[in-house]
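Start at 1 and go down the list; that is how both ligands and their atoms are numbered.
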Amino acid sequence: MRYELANIQLNRACYLLKKSKYILVCGHTRPDGDCIGSMLALKLALNSLSKRVSCVISDTFPPNLWFLPGIEQIKSRKKKVKKIKKFDLIVSLDSSSLERSGLESLRASTSPVLNIDHHQDNSLFGSVNIVKLKASSSAEILYNLLLRLGVEITRDIATCLLCGIFFDTDAFRNPNTTSRTLEITSKLLSKGACAKKIVRYLLQEKSLSTLKLWGKALARLSENRKLGIVSTVLSEEDIKQSETEGLEGIANYISCLPQAKATLLLSEKNGLIHGNLRTQRDDIDISKLAFLFGGGGHKKAAGFTISGKLVKTRAGWKVE
Ligand code: AMP
Ligand code: MN
Ligand code: MN
């Protein structure tokens with residue numbers, strides 16, 4: 001029954017994509033490797049079907065994603081997407097709600113929405129929803145959809161999809177890595193996906209200022225034994241001195257502390273504090289904690305954003 005439902009959603013998604021000519025593709029605020037990789041893969045695929053596609057995000061993207069083919073075509077716009085009504089279809093990728101796109105003008109749109117995502121708190125906001133909680137990444141779901149659409153997986157599409165999978169599985173180290181994830185990875189590699197660049201830019205290459213920032217975050221780790229949470233902070237000042245944007249790397253690195261029930265990285269930018277929460281434990285759903293602060297995410301990796309400032313006091317760091 002479930003399989004049939006999934007099939008119906010896939011068929012409806014293909015129908016929507018095939019009949020639309022002008023398509024808007026959007027992702028989420030603080031875009032990451034899965035969000036951007038999936039957006040680009042979809043754009044390339046739809047272009048090959050002679051569709052006109054606009055990719056729009058509300059923030060700038062992390063500099064380590066600049067190697068992705070076609071990334072210069074993603075427009076970064078805070079508020080206005082011009083003539084929103086002209087789009088026949090909006091595709092939302094890797095986002096649990098339309099608000100998370102950060103694009104205010106989408107609210108006024110009456111175009112149908114195709115929602116492709118893998119977050120457990122997805123509000124099923126689309127006209128058609130392909131939401132698979134067990135998928136490692138949105139890129140993994142998209143791969144299946146592109147096959148169903150009959151799109152030829154080119155080398156560039158394969159690179160973008162593999163970037164999404166590699167990012168969300170944290171280089172195949174997270175438990176969301178399944179046999180299906182590895183099967184798709186194998187198929188993408190056989191299509192020529194450039195794993196070398198993905199490993200280099202997502203995992204290995206770090207600038208001097210980034211490494212110094214990692215050093216600061218690691219030096220400030222502190223353990224709350226009562227809660228079992230190990231946390232650290234990076235202030236606006238710390239982040240200004242560095243080129244880095246993708247702080248998930250630090251959050252993932254500290255998440256491996258064996259004594260911690262959960263780990264938290266708080267970082268401040270433009271009067272906002274972002275929290276990256278991680279847990280390795282199967283009996284903890286860390287997205288519930290993120291939800292208390294207005295955020296969300298997955299059971300083992302979640303986040304939230306609140307307004308405030310990180311201030312150092314004698315008793316330690318405080319949010320003001
Ligand atoms: P991060 O800690 O930012 O790497 O995010 C971990 C997971 O939580 C990702 O899947 C994000 O999409 C999700 N997430 C992060 N911030 C938020 C938020 N403010 N609201 C909902 N989900 C979030
Ligand atoms: Mn994401
Ligand atoms: Mn994702």
Side-chain angles (χ1 to χ4, degrees), residues 25-42 57-59 61-62 64-65 74 92-102 115-123 125 130-143 160-171 173-177 181 184 202 217 231-234 239 244-255 262-269 272-280 285-308:
V25 175
C26 54
H28 58 73
T29 51
R30 296 170 58 91
D32 54 35
D34 186 28
C35 169
I36 299 286
S38 299
M39 287 174 76
L40 288 173
L42 183 60
I57 50 166
S58 62
D59 283 327
F61 32 78
N64 64 343
L65 297 179
I74 294 189
S92 168
L93 282 161
D94 202 39
S95 194
S96 50
S97 66
L98 213 48
E99 287 74 49
R100 278 217 83 212
S101 74
N115 165 20
I116 301 172
D117 186 34
H118 64 130
H119 290 94
Q120 59 176 354
D121 54 345
N122 190 291
S123 60
F125 55 90
I130 307 185
V131 178
K132 292 192 173 182
L133 308 190
K134 288 199 174 135
S136 68
S137 51
S138 297
E140 188 176 314
I141 304 171
L142 191 55
Y143 173 81
C160 293
L161 290 175
L162 187 56
C163 170
I165 292 175
F166 191 88
F167 181 89
D168 265 18
T169 57
D170 193 20
R173 294 179 290 198
N174 287 344
N176 60 357
T177 311
T181 314
I184 294 174
L202 265 60
S231 61
T232 190
V233 295
L234 288 170
I239 291 171
T244 187
E245 293 262 355
L247 299 174
E248 302 88 5
I250 303 177
N252 293 337
Y253 190 70
I254 65 173
S255 75
T263 54
L264 169 66
L265 165 66
L266 289 173
S267 56
E268 180 190 339
K269 201 177 158 192
L272 295 174
I273 299 172
H274 186 74
N276 304 82
L277 282 161
R278 301 287 185 270
T279 185
Q280 299 284 338
D285 180 352
I286 204 65
S287 71
K288 290 197 174 150
L289 186 54
F291 186 72
L292 291 178
F293 295 101
H298 308 283
K299 271 178 132 176
K300 291 192 157 93
F304 60 87
T305 305
I306 51 173
S307 50

For ligand 1, which atoms, with element, lie under 4.0 Å from some heavy atom of [X]?
X    : result
G295 : 18 (C), 19 (N), 20 (N), 21 (C)
G297 : 8 (O), 13 (C), 22 (N)
E248 : 4 (O)

Evaluate the criterion side chain to side chain contact (heavy atoms under 4.5 Å, CB included) for residue pair C163 and L202; output intermediate values, then yes/no.
CA-CA 8 Å; C163 170; L202 265 60; 4.0 Å; yes

Would L161 and I184 count as a side chain to side chain contact (heavy atoms under 4.5 Å, CB included) if you check the C-alpha gap in whole Å, the side-chain angles of each, and the deciding distance to 0.1 Å?
CA-CA 9 Å; L161 290 175; I184 294 174; over 6 Å; no

Can you tell which of S255, A301, G296 gets a heavy atom nearest to atom 22 (N) of ligand 1?
G296

Option whose closest heavy atom lies nearest to atom 4 (O) of ligand 1, chosen from H298, R30, R278
R278

Geometry only, no angles: is R100 polar-contacting ligand 1 at N/O separations under 3.5 Å?
yes

Check: D121 N/O within less than 3.5 Å of ligand 1 N/O:
no

Euclidean distance, [Y] [atom2] relative to [X] [atom1], rounded to 0.5 Å:
X    : Y    : atom1 : atom2 : value
N252 : T169 : CG    : OG1   : 10.0 Å
I273 : S267 : CD1   : OG    : 8.5 Å
N115 : S96  : CG    : OG    : 9.0 Å
C35  : D59  : SG    : CG    : 9.5 Å

Side chains of residues 288-307: which donor-acceptor partners sit under 3.5 Å, not counting sequence neighbours?
{"from": "H298", "atom 1": "NE2", "to": "H119", "atom 2": "NE2", "distance (Å)": "3.2"}
{"from": "K300", "atom 1": "NZ", "to": "D282", "atom 2": "OD1", "distance (Å)": "2.5"}
{"from": "T305", "atom 1": "OG1", "to": "H274", "atom 2": "ND1", "distance (Å)": "2.9"}

Please evaluate residues N176 and D168 with respect to the criterion side chain to side chain donor-acceptor pair (under 3.5 Å), reporting the C-alpha separation (whole Å), side-chain torsions for both, the decisive distance (0.1 Å), and the verdict.
CA-CA 8 Å; N176 60 357; D168 265 18; 5.7 Å; no

Can you tell me which residue among S137, S138, S136 is in a side-chain hydrogen bond (donor to acceptor under 3.5 Å, both in side chains) with E140?
S136

If you have a sec, work out which protein heavy atom is nearest [atom] and how many Å separate them, to one decimal?
atom                    : answer
atom 19 (N) of ligand 1 : F304 CA, 3.7 Å
atom 1 (P) of ligand 1  : N276 ND2, 3.3 Å
atom 10 (O) of ligand 1 : H119 NE2, 2.7 Å
atom 15 (C) of ligand 1 : G303 CA, 3.5 Å
atom 3 (O) of ligand 1  : H274 NE2, 3.0 Å

Determine, using heavy atoms of A302 and all atoms of ligand 1, whether some pair is separated by less than 4.0 Å.
yes

Given side chains that start at C-beta, do those of P62 and D32 come closer than 4.5 Å, heavy atoms only?
no

Side chains of L234 and I250: does their closest heavy-atom pair fall under 4.5 Å?
yes

So what's near the Mn ion (ligand 3), protein N, O or S atoms under 2.8 Å?
D34 OD2, D94 OD1, H118 NE2, D168 OD2

Working note: H118 + D94, criterion side chain to side chain contact (heavy atoms under 4.5 Å, CB included); need CA distance, chi angles, decisive distance, verdict.
CA-CA 7 Å; H118 64 130; D94 202 39; 3.2 Å; yes

